[in-house]
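In what follows, chains carry the letters A, B, and so on, assigned in the order in which the sequence lines appear, proteins first and then strands, with residues in each chain numbered from 1.
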Number of protein chains: 2
Amino acid sequence: MSKEDFIIKAFLNEKNGDDGAIVDKWCFSKDLFFENVHFKRAWFTLEQIAVKAMLVNISDAIVMNAKPKYALLGLALPKNLSENEIEALHKGFLKTAKKFDIQIIGGDTISNDKIDISITIISKLNGKAVFRKGLKKGHLLAYTGRLGRSLKGLEILQNGGALSLNHVFIKPRLKPDFFYELAPFVSCAMDISDGLSKDLSRLLAQNKCGVSWLKKLSDNVLYSGEEYEILFGFDEKERHNIENIAKKHGVKLNIFAKAEKGRYEFKGKEHHF
Amino acid sequence: MSKEDFIIKAFLNEKNGDDGAIVDKWCFSKDLFFENVHFKRAWFTLEQIAVKAMLVNISDAIVMNAKPKYALLGLALPKNLSENEIEALHKGFLKTAKKFDIQIIGGDTISNDKIDISITIISKLNGKAVFRKGLKKGHLLAYTGRLGRSLKGLEILQNGGALSLNHVFIKPRLKPDFFYELAPFVSCAMDISDGLSKDLSRLLAQNKCGVSWLKKLSDNVLYSGEEYEILFGFDEKERHNIENIAKKHGVKLNIFAKAEKGRYEFKGKEHHF
């Protein structure tokens, strides 16, 4: 068992184990975005760090079918950041908050040896919550977008290269409008933060399902983390609806597998550098 | 302006600037508890780290007059922690959660070079919220308990000494029952996390008040951080009520100043090591 799974198991209860936790009509989610774990300073501007920290958290709310409303920011910042650098961080937080209509209502700021960000997003459910649990044998599995670019971007950075400002590794593309319309027709969903293979293994384990592949996926697609595309399952009878919604929103839809009896084991390596 | 004040100012809105943020009947609070910022590994067992991380967060909820219900845990942990060490952490989180009737409903776990904990506490208001704002000129100011021991404990640790298991620096003493009964009679409150002088300066600034001292307080009392005692203000006509509630709960009450026209400036040093 990985340490993360070991830890998740210790706190297991009916609200835990999803991208967000549902209480009444609220969804609470929290992700960490740490220097030298999720990013290196050389790879991102301060503003980009703040923007991505917000987006990876907002992503959790979206895949639960919840609309972000409030955020709490935990900021651990080196003492030697200049006021300009702190302002660049602010700008990233505030412009992303504004874009998603989020109010930043609190948090904590401390001095630290590196930039470690922890964000809590408080969201309101947009109808019924979508959980990781809900997949049934026979349901189709799909993911959005083109997977693989995040891993390629990471490799370029690790080899000393640079990425364009809008590269998906720098700035994930979230699909709130698409997913809010899609949500009534899916049986389960989660965002792809640790790579399709790893996240699929989690989704299938939670639903006690195995998988039969409809396509052969490349390693690049399977093991690319931090994509923040959406992995979801649905009953075949919703296929037409789902294809139409994807088309309407210009979202590339990849129906790649069918859930069936059995188990699926993750065999790749964890993606964080 | 300190960096923290600079950051708080950037995000200023009517919900921000308190120990917790109030939305409907909920209170949301988030504090960081980071290795080499708030604690050193040599000073705490793993269980004590988890317990204190929980308590400093629960403290925020209590002083807002809110009862903790749920927690999200952000855990950044070194890869070399053993399963026994992780279990000791779990034990600290779970036993504190149980004691305060909190359900741990989610969060995030990552690998990191040190133990950095971020906790979000979701609480339900117990009647009316108590804010930092509300102090009026003429109101009395009080703090609970005996301040100074936390600073002394920190100094002992910094000089290579050890503290007893129950030392207040290791395990703050929260006073939920006392404060929930007291709340209707106070005009403002906050916990004393950065030292009475620093926290008083924040409270007074937020209420545009100065202070006239009723007692001379020692530096030890003024500059001892991480006490998690409660600083609050109240109208003199509530004094009898408040004294009775403190007596009933065995809480030492120190009425030390009166709010008045003017300003109070913090002159000490920040307490984090």
Using 0.5 Å steps for rounding, measure from the CD1 atom of Ile105(A) to the CG atom of Asp18(B). 11.0 Å

By residue number, those in residues 112-126 of chain B with heavy atoms under 4.5 Å from heavy atoms of chain A are Asn112(B), Asp113(B), Lys114(B), Asp116(B), Ser118(B), Ile119(B), Thr120(B), Ile122(B), Lys124(B)

Interatomic distance, Leu72(B) atom CG to Ser29(A) atom OG [nearest 0.5 angstrom]: 8.0 Å

Using 0.5 Å steps for rounding, measure from the CD1 atom of Ile110(A) to the CZ atom of Phe33(B). 10.0 Å

For chain B, which candidate among Asp31(A), Leu32(A), Val23(A) shows the most heavy-atom pairs at distances under 4.5 Å? Leu32(A)

Going by side chain to side chain contact (heavy atoms under 4.5 Å, CB included), name the residues that satisfy it together with Ala50(B), two or more places apart in sequence or in a different chain. Leu89(B), Phe93(B)

What is the ring orientation for Trp26(B) with Phe28(A), classed by angle as parallel under 30°, tilted 30 to 60°, or perpendicular over 60°? perpendicular

Contacting region of Asn57(B) [heavy-atom separation from chain A under 4.5 Å]: neither

Highest number of heavy-atom pairs under 4.5 Å with chain B among Gly74(A), Ala97(A), Ser111(A) belongs to Gly74(A)

